[in-house]
Amino acid sequence: MRFLSSCLLLSCFTFNVQAQHFTDITAPLGLAGFSGGTVSFVDFNNDGHIDINAGPQLWINSGDGTFKGLENPGLPGNCVWADINNDGYKDAFCYSGPGYLFLNDKGQGLKNISDNIPDSPTKVSLGATMGDFNGDGFVDIYVGGYETPGYLHDAMFFNNGDTTFKEVWRTLGTTMPARGITTADFDEDGDLDIYVSNYRLVPNTLWQNDGKGNFTQVEKSKKVDGDGGLGAWGHTIGSSFGDLDNDGHLDLFVGNFSHPPAYQDRPKFLRNLGREQAFAYQDLTAQAGLAWQESFASPTLGDFDNDGLLDLYFTTVYPGDHCVLYRNTGDFRFKDVTSESGISADLTYQAAWADIDNDGDLDLATRGRIYRNNTPRKNYLKVSLIGSGKFDPNAIGASVRIRLGEQTLTRQVTSSTGQGNANSPVLHFGLGTHTDKLTAKIRWLGGGTKTVELTPNTEHKITLP
């Protein structure tokens, strides 16, 4: 098998400034009134076309380049999506207020089954995530609590397997005002761990799973809690896991909002050091090259230029600050390409990637707009993972690793990123100029693996195990 050299894939990739740009196509898509609230990409009706949940709206992709809003979906706000009853259709948990649960009626509509889950003890929540945390084959729900006196709790709800849920534990609720919540098997032990972005100058939380849904706080030992500085951590709004240096381990970008002077954590680029260093993280922020803005908010990672490296889109929420797009140039170094990108946005928490037109590159949702990616054509690979039997059908936490020259490209399935957003569950790999077949190693929760051969420039649907 012939591999593309790392030079061709990464460091020697020529960035065509004139060709790299995005176009606002919100109106041509039929998305008049598209919500600027947080956004989740989900194939609601299983037709192979990505649909969009934006705030209380659910937009159905017609497959012909247009979307149509589902009338009266009943959603109170943005949700996290996963198949809770293993019928093949993704259901919704909306984390506002007491928490609302909706069952997907085979892509025709939504049924409110909120009585099937106890009221959330959070009362006010800005984020939640879903995944099979206890290894029983059904997805569970973790919901964060935010700044309501007497109700500042995060809570875990386990799935009973019959569309009902039970609360199994909650945090003490005194010092951890959660915002964005995301997941990864960061320690590669076959279970799903949770990272919570905490606001108000307190450390972030990394919950390490023992595989049975028992969690231990390890943020300090893994060095992902923040620096603390003069006794004040960052105001973290959202964070994202992704392999930023193609070494096969899931790194972490921490999206800190931070006031001047520099006594608080700035946004952080954290490198996963792998098994030899017990999966602790190294702070490489200084070399990354991100220019500081005060009101940084919600990040999302995606390889927009199909060169094999995950790039960073990062929102802001204060007037005068501007959302930014940074291209990953390799070795934890990033270049600001906002001015030539064609993306113009600020004052938003909305940020997520998906290939909404199935042309092989990632499009962007931000600030109530959809931006089509017009990047000069590069090769790509898309992978959809589907669990079967006793495995979570959403395959949340599963990962795909592709060896390409000296690089190992890694992508994982997650239901949430940043603050309240979700990228497409279809895993996307940029391949540069590589056209030969590739070998991919797939790993799912429980530690099982399989190796498959994949052809570039197509989407592969792979059933696990």
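Values in this document were obtained by computation on a predicted structure and should not be read as measured data.
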* Asked: Closest heavy-atom contact between L192 and G131?
  -> CD2-CA, 3.7 Å
* Quick one: are I60 and N45 in side-chain contact, heavy atoms under 4.5 Å? -> yes
* Asked: Above 12 or not: heavy atoms from other molecules or residues under 6.0 Å from CD of Q108?
  -> no
* Asked: Sub-3.5 Å donor-acceptor pair from the side chain of D91 to the main-chain atoms of F93, do we have one?
  -> no
* Will you find, in the side chains of D193 and T183, an N or O donor that is under 3.5 Å from an N or O acceptor? -> no
* Structure fact -> Smallest heavy-atom separation, I396 atom then S415 atom, equals CD1-CB, 4.0 Å
* Does a donor on one side chain sit under 3.5 Å from an acceptor on the other, for D51 and W59? -> no
* Where do S298 and Q419 come nearest, in terms of heavy atoms and distance? -> OG-N, 2.9 Å
* **Which atom of L101 lies closest to which atom of N112, heavy atoms considered** => O-OD1, 3.5 Å
* Structure fact -> Tightest non-hydrogen contact, residues L250 and N272, listed as O-ND2, 3.0 Å
* **Heavy-atom side-chain contact between E294 and T316 under 4.5 Å** => no
* Asked: Among side-chain atoms of Y313 and T366, is any donor-acceptor pair under 3.5 angstrom?
  -> yes
* Structure fact -> Test ring pair (Phe, Tyr, Trp, His ring centres under 6.0 Å), reference F314, set F296, F257, Y326, F334, output is F296
* To do: Verify the distance criterion only: is there a donor paired with an acceptor across the side chains of N421 and T417 at less than 3.5 Å?
  => no
* Asked: If you measure only the distance, is there a donor-acceptor pair under 3.5 Å linking the side chains of T300 and N423?
  -> yes
* Asked: Hey, are N256 and S258 close enough side-chain-wise for a donor-acceptor pair under 3.5 Å?
  -> no
* Do S399 and R401 get their side chains close enough for a donor-acceptor pair, meaning under 3.5 Å? -> yes
* So, Y89 versus N46: side-chain donor-acceptor pair below 3.5 Å or not? -> no
* Asked: Are L58 and F44 close enough that some pair of their side-chain heavy atoms sits under 4.5 Å apart?
  -> yes
* Any luck finding a side-chain donor-acceptor pair between Q208 and D187 under 3.5 Å? -> yes
* Got a sec: does the NZ of K450 have more than 12 other heavy atoms crowding it under 6.0 Å? -> yes
* **F186 and Y281 aromatic ring geometry - parallel, tilted or perpendicular at 30°/60° bounds** => tilted
* **Salt-bridge contact D307-K378 (side-chain N to carboxylate O under 4.0 Å)** => no
* Nearest-0.5 Å distance that lies between atom CG in L244 and atom CG in L284 -> 9.5 Å
* To do: Please report the C-alpha distance between S239 and S197 in whole Å, then the side-chain angles of each, then the deciding distance to 0.1 Å, and finally whether the side-chain hydrogen bond (donor to acceptor under 3.5 Å, both in side chains) criterion is met.
  => CA-CA 6 Å; S239 304; S197 297; 2.8 Å; yes
* Can you find a pair of side-chain heavy atoms, one from I370 and one from D24, that are under 4.5 Å apart? -> no
* Asked: Does the cation-pi check pass for R372 over F22, that is, NZ or CZ under 6.0 Å from the six-membered ring centre and within 45° of its axis?
  -> no
* R271 pairs by salt bridge (Lys or Arg N to Asp or Glu O under 4.0 Å) with which of D243, D247, D251? -> D247
